[in-house]
Amino acid sequence: MDKAISKKIIKLLSQRYGSINPDLKYIDLYQLTIAVVLSAQTTDKQVNSVTPILFGKYPDFKSLSGAKIKEITKIIRSTGFYRNKSKNIIELSKIITKQHKGIVPDNMKELIKLPGIGRKSANVILSIGFKKPALAVDTHVARITKRLGYTLSHNPVEVERDVTAIIPRTDWIKAHLLFIKHGREICKARKPLCRECAVNSLCPDTHNIPYRP
DNA sequence: ATCCCGAGGG
DNA sequence: CCCTCTGGAT
């Protein structure tokens, strides 16, 4: 449970998957924040298919704050949960425009007050948007660190703290992306492909899971 | 069928 | 802790 081992894991995952570049196509905090809200329970592909249209028509918080829910649902429909998301991003835009002078807050306390922003989304905004050493402990990160024996708690805040403590501060974005890829492709929730796992030699779970071709 | 870089509410 | 919200990919 120390940084040396986490560094080793990150290194092994990098060797396996190559260097993954953080997706920094969102040119400003407005785009990043909205994209993060839209990303809940869907894939990048879906989000990327609607953001050009959305950002083309609503380039900033102010314009989005004046939009109608119906117009937004029409655009973001394919990302799922579209009624919640539409309502949330309009309301969020209003709050940021009126209460934060159009500036996205740079701390957890204020971010999670915004509709549609929870701990995970807030951490993505803090790390990618503000370059802070925040790590979004999503389902993949939580699952992988738990299987590796790094986290024992069920409390999400404690898990987040434990995980953040072991990830090198210079590598948090890369680490996050590696964990996501690894979690989706190999260390899956069900039927993990332990035989193909780049870090199986470090994983106590591996030996209990039979390999099925 | 099952899952997705979740959030909000009871 | 539980449940609901939703389309799309596999």
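Contact annotation for A:Leu114: backbone-only contact, meaning every heavy-atom pair under 4.0 Å involves sugar-phosphate atoms and none involves a base. Looking at heavy-atom distances under 4.0 Å, A:Gln46 makes contact with sugar-phosphate atoms alone, never a base.
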Item checked: Working for salt bridge (Lys or Arg N to Asp or Glu O under 4.0 Å), residues A:Glu185 and A:Lys181 -> CA-CA 6 Å; A:Glu185 298 179 4; A:Lys181 187 170 176 66; 2.8 Å; yes
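Along DNA chain B, the nucleotide nearest A:Lys120 and the nucleotide nearest A:Thr42 are compared for position; the residue whose nucleotide lies closer to the 5' end is A:Thr42. Judged by closest nucleotide on DNA chain C, A:Phe81 is the one of A:Phe81 and A:Lys45 placed further toward the 5' end. If A:Asn88 and A:Val124 are placed on DNA chain B by their nearest nucleotide, the residue sitting closer to the 5' end is A:Val124.
Counting non-hydrogen atoms of neighbouring residues, nucleotides and ligands closer than 6.0 angstrom, the NZ atom of A:Lys188 exceeds 12 such neighbours.
Rounded to a whole angstrom, the distance from the C1' atom of C:dC5 to that of B:dC4 is 14 Å. Nucleotides B:dC3 and C:dT6 are separated by 13 Å at their C1' atoms, to the nearest Å.
You'll find the side chain of A:Tyr30 stays beyond 4.5 Å of the side chain of A:Ile96, heavy atoms only. At least one side-chain heavy atom of A:Ile69 sits under 4.5 Å from a side-chain heavy atom of A:Ile90. With contacts defined as side-chain heavy-atom distances shorter than 4.5 Å, the pair A:Pro156/A:Val137 does not qualify.
The side chain of A:Gln41 sits closest to B:dC4 out of B:dC4, C:dG8, B:dC5. For A:Asp44, taking side-chain heavy atoms from C-beta onward, the closest of the listed nucleotides B:dC5, C:dG8, C:dT6 is B:dC5.
Dashed line: the shortest gap from a side-chain N or O of A:Ser121 to OP1 or OP2 of B:dA7 is under 4.0 Å. Proximity of A:Thr139 to the phosphate of B:dG6: a side-chain N or O atom is located under 4.0 Å from OP1 or OP2. OP1 and OP2 of B:dC4 both lie 4.0 Å or more from every side-chain N or O belonging to A:Arg184.
One can place OH of A:Tyr82 at 6 Å from P of C:dT6, the figure rounded to the nearest angstrom. Rounded to an integer number of Å, the gap from A:His182 NE2 to B:dC5 P is 15 Å.
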